[in-house]
Amino acid sequence: NTASFRLDHSLASSNQMFGRLTFSDIDTIGSAAGGLRGPSRGANYQIQDYAGAFGDTHFVSTRSVNEFRFQFANRDYNVLPADPFGPEISINGVVFLGRDFFLPSTRNEKRYQFVDNFTFVTGRHELKFGGDFHYLPFNTVTEVFLGGRFIFGEAIPLGLVLDSFSGPGTAQSLGAAFAATGRADLIPSLSAPLTSLQSFNLGLPIVYQQGFGDPRASLTNKIVDGYVQDNFSVKPDLTLNIGLRYDAELQPTPVHRDKNNWGPRIGFAYSPSSRTVIRGGYGVYYATLYEAVAFVQRALDGTQISQVF
């Protein structure tokens, strides 16, 4: 389900405003199941978004214009497992059953965004500068490892299983018996690992993991950036674009905060004829982190959610 509404209004010939409201609601049942993933490994998604935006464009003079925008957005992103209890059971190469180890997960993210751009034209230069600020509060309850998980794979030698079930030395005695009866070719099978399905049937996982603790986290992220750019018309058939941008993402502790994200940009447009344009450019760009990174460092540091292996 989606809905949107937009209103544009002209305060004056030099000042235009707009407002926009959007809403979407998406429910998905049984996602992520199929192939080796059984129905119990599936998940149900409940995603709801709504947002409001406001913008104002003001022509300060015939050579300059200012653009301002504000946005508020809210997202509820809930993932509920088809199997609400667990544990996760993974039989490598055969089937994956039970709820995923990181489910259920309910998340709410809000975004407050302020943007302002100013453009000024003088001579052969079009100068533009501006900034962008995001404030992102984030709340989640993600029950990582709380349902438990078992992984069955090919790692446990047959001889070790025999010694465990029948007593120490069983595998060695059986190997000697193979040699005495002329079946020395069977001796290597004692050191070969069980298949993942055999390990499951015997209840011998290669990994058991169980978490305990508090799966809740409240985090806040801030993104700040600014830029300056000059579109320089060198001559009628050649334009240069030169700019510099700075980005800072202030993730919550203990996530490392990198504050030297300077991004130079340069580009050109060359038109050797009225029917041909050659364009090129180079820039340094920085990607933002997912809020999940802060959750992992906050909740899985061993003090909030502890694990037993």
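Everything numeric in this text was worked out from a predicted model, so none of it was measured.
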request  = Determine the minimum heavy-atom distance between P215 and I305, stating which atoms define it.
outcome  = CA-CD1, 3.9 Å
task = Apply the ring-ring contact (aromatic ring centres under 6.0 Å, His included) test between F150 and each candidate in Y208, F96, F200; give the one that qualifies.
result = Y208
ask   = Does S40 reach the main-chain N or O of G98 with its side chain, forming a donor-acceptor pair under 3.5 Å?
value = yes
request  = Supply the atom-to-atom distance R124 CZ to N231 CG, rounded to the nearest 0.5 angstrom.
outcome  = 14.0 Å
inquiry  = Looking only at side-chain N and O atoms, does N139 offer a donor or acceptor that is under 3.5 Å from a partner on S218?
reply    = yes
task = Please say whether more than 12 non-hydrogen atoms of neighbouring residues, nucleotides or ligands are located less than 6.0 Å from CG in N1.
result = no
query = Within the side chain of R183, is there an N or O that forms a donor-acceptor pair under 3.5 Å with the backbone of F178?
reply = no
ask   = Measuring from I151:CD1 to S199:OG, what's the distance to the nearest 0.5 Å?
value = 12.5 Å
ask   = Any chance the side chains of N221 and E249 put a donor and an acceptor closer than 3.5 Å?
value = yes
Those residues that, when tested against D247, pass side chain to side chain donor-acceptor pair (under 3.5 Å) (two or more places apart) = R245
task = Output yes when a side-chain donor or acceptor of T142 lies under 3.5 Å from a complementary backbone atom of V144, and no otherwise.
result = no
inquiry  = I'd like to check F85 versus R99 (side-chain heavy atoms, cut-off strictly below 4.5 Å). Are they in contact?
reply    = no
query = Does L174 belong to the same Ile/Leu/Val/Met/Phe/Trp/Tyr cluster as V161, with side-chain heavy atoms less than 4.5 Å apart forming each link?
reply = yes
Pairs satisfying salt bridge (charged side-chain N to carboxylate O under 4.0 Å, His left out), at least one member in residues 101-116, at least two apart = E109-R111
inquiry  = Whether the side chain of E126 engages the backbone of T122 through a donor-acceptor N/O pair (distance < 3.5 Å, no angle test) should be reported.
reply    = no
key: Rounded distance (nearest 0.5 Å) linking atom OH of Y112 with atom CG of L136   = 10.5 Å
Please report, to 0.1 Å, the donor-acceptor pairs under 3.5 Å made by any side chain of residues 43-52, with sequence neighbours excluded.
residue : atom : partner : partner atom : Å
N44     : OD1  : G30     : N            : 2.9
Q48     : NE2  : D25     : OD1          : 3.1
D49     : OD1  : R75     : NE           : 2.7
D49     : OD2  : R75     : NE           : 3.4
D49     : OD2  : R75     : NH2          : 3.1

query = Does E88 use its side chain to pair, donor to acceptor, with the backbone of F101 at less than 3.5 Å?
reply = yes
task = Look at the side chain of T239 and the backbone N and O of F232, then say whether any donor-acceptor pair between them is shorter than 3.5 Å.
result = no
remark   = Rounding to 0.5 Å, atoms OG1 (T276) and OH (Y270) come to a distance of 10.0 Å
request  = Please say whether more than 12 non-hydrogen atoms of neighbouring residues, nucleotides or ligands are located less than 6.0 Å from CZ in R265.
outcome  = yes
query = Within a radius of less than 6.0 Å around CG of L21, do more than 12 heavy atoms belonging to other residues, nucleotides or ligands occur?
reply = yes
query = Is the side chain of Q198 donor-acceptor paired with the backbone N or O of T195 at a distance under 3.5 Å, no angle test?
reply = yes
remark   = Taken to the nearest 0.5 Å, the spacing of E143 CD from D100 CG works out to 13.0 Å
request  = Examine Y77 and L289 and state if one hydrophobic cluster contains both, with Ile, Leu, Val, Met, Phe, Trp and Tyr joined whenever side-chain heavy atoms are less than 4.5 Å apart.
outcome  = no
ask   = In this structure, are over 12 heavy atoms from other groups packed under 6.0 Å from Y227 atom OH?
value = yes
Heavy-atom donor-acceptor pair, E67 side chain to F118 backbone, under 3.5 Å = no
query = What's the spacing between I266 CD1 and I242 CD1 if we round to 0.5 Å?
reply = 5.0 Å
message = Determine whether Y135 and T220 satisfy the following criterion, side chain to side chain contact (heavy atoms under 4.5 Å, CB included), listing intermediate values before the conclusion.
response = CA-CA 7 Å; Y135 175 70; T220 300; 3.2 Å; yes
ask   = Any sub-3.5 Å donor-acceptor pair from T140's side-chain atoms to T106's backbone N or O?
value = yes
message = Checking D132 against H134: is there a side-chain donor and acceptor pair closer than 3.5 Å?
response = yes
